[in-house]
Amino acid sequence: MFLLGYDIGSSSVKASLVNAETGKCVSSAFFPKTEANIIAVNPGWAEQDPESWWENLKSATQAIMTESGVSAAEIKAIGISYQMHGLVCVDKNQHVLRPAIIWCDSRAVPYGQKAFETIGEEKCLSHLLNSPGNFTASKLAWIKANEPAIYEQIYKIMLPGDYIAMKLSGEICTTVSGLSEGMLWDFKNNRVADFLMDYYGFDSSLIADIKPTFAEQGRVNAATAKELGLKEGTP
């Protein structure tokens with residue numbers, strides 16, 4: 001019995017295959033072999049094409065399956081870790097609308113600072129546990145203000161890990177921990193941070209279905225199983 005782990009980093013995508021009984025890594029690979037491209041159109045900007053994460057994930061998967069000789073049927077579950085605070089926007093057809101604004105992009109700082117000052121320090125720190133800062137919600141506010149035509153097409157927003165889960169399963173969902181890192185979770189009321197959503201003018205429909213962090217986010221669908229050489233139905 002084996003477990004497959006993916007790490008979606010900003011410099012590479014890694015895949016590791018672990019023996020579930022011994023905890024030993026039997027195979028690991030990362031792509032690209034040189035540091036992944038970061039798009040920086042302006043100073044302080046940092047974007048990546050989510051499709052490139054997927055292409056690198058395919059290459060890493062192929063490498064570990066070939067090296068290990070493990071069959072797809074022996075892989076009992078897949079886990080995902082990822083670069084935090086990124087913003088992926090997709091339309092109703094699950095097509096990416098623009099490059100992902102990743103964690104080290106600083107363009108949204110003024111949006112988060114203004115929200116912090118307007119909503120109030122006490123409310124933000126007691127409900128969000130942080131300033132809206134340069135996190136995912138503020139990055140979405142930047143798109144709303146500067147790319148309104150793109151914003152109007154957004155069906156759901158996701159973090160990088162949510163995007164990979166969507167590609168694996170065909171389902172769009174997120175987690176409380178994901179929403180919290182984006183400053184979109186109200187800890188005091190245990191729900192989506194409506195007050196910040198309202199401040200920025202975001203519709204609640206943009207938030208994906210919420211699953212527990214350590215739970216099943218979906219199962220590998222038929223198309224992805226064929227594409228990656230995995231077994232359909234793997235959680």
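Just so we're clear, the structure is a prediction, and the values are computed from it rather than from any experiment.
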Contacts of type ring-ring contact (aromatic ring centres under 6.0 Å, His included), residue Y155, not counting sequence neighbours: none
Whether N42 side chain and W45 backbone form a donor-acceptor pair below 3.5 Å: no
Inter- and intrachain pairs under salt bridge (Lys or Arg N to Asp or Glu O under 4.0 Å), touching residues 49-59, at least two apart: E51-K167, E55-K58, K58-E227
Residues 136-143 side chain polar contacts: donor-acceptor under 3.5 Å, at least two apart:
residue : atom : partner : partner atom : Å
T136    : OG1  : H85     : O            : 3.2
S138    : OG   : P132    : O            : 3.2
S138    : OG   : G133    : O            : 3.0
S138    : OG   : Y200    : OH           : 3.0
K139    : NZ   : H85     : O            : 3.1
K139    : NZ   : I102    : O            : 3.0

Beyond-backbone contact of F202 with K144, side-chain heavy atoms, under 4.5 angstrom: yes
Sequence-distant partners of A20, side chain to side chain contact (heavy atoms under 4.5 Å, CB included), two or more places apart: M1, L3
For N56, side chain to side chain contact (heavy atoms under 4.5 Å, CB included) partners two or more places apart: V13, F31, P32
Partner set under side chain to side chain donor-acceptor pair (under 3.5 Å) for E67, not counting sequence neighbours: S27
Trace of the side chain to side chain contact (heavy atoms under 4.5 Å, CB included) decision for D194 with D186: CA-CA 8 Å; D194 297 331; D186 181 339; over 6 Å; no
Sequence neighbours excluded - side chain to side chain donor-acceptor pair (under 3.5 Å) pairs with any residue from residues 98-110: S10-W103, E47-R98, E47-R107, R98-E147, D105-R107
Expected output: side-chain N93 to main-chain H95 donor-acceptor under 3.5 Å: no
Contact list for residues 117-128, test salt bridge (Lys or Arg N to Asp or Glu O under 4.0 Å), sequence neighbours left out: none
Results of side chain to side chain donor-acceptor pair (under 3.5 Å) for E232 - residues two or more places apart only: none
Test item: N221 side-chain N/O and T224 main-chain N/O as donor-acceptor pair under 3.5 Å: yes
Counterpart residues, side chain to side chain donor-acceptor pair (under 3.5 Å), relative to T234 (two or more places apart): none
Flag for Q48-Q83: side-chain donor and acceptor within less than 3.5 Å: yes
Donor-acceptor contact below 3.5 Å, side chain K76 vs main chain A73: yes
Within the 6.0 Å centroid threshold, strictly below: H127 and F195: yes
Test item: L230 and L4 side chains (from C-beta on) under 4.5 Å apart, heavy atoms: yes
Which residues share a side chain to side chain contact (heavy atoms under 4.5 Å, CB included) with T118, sequence neighbours left out: K114, Y199
All side chain to side chain donor-acceptor pair (under 3.5 Å) counterparts of S71, not counting sequence neighbours: E74
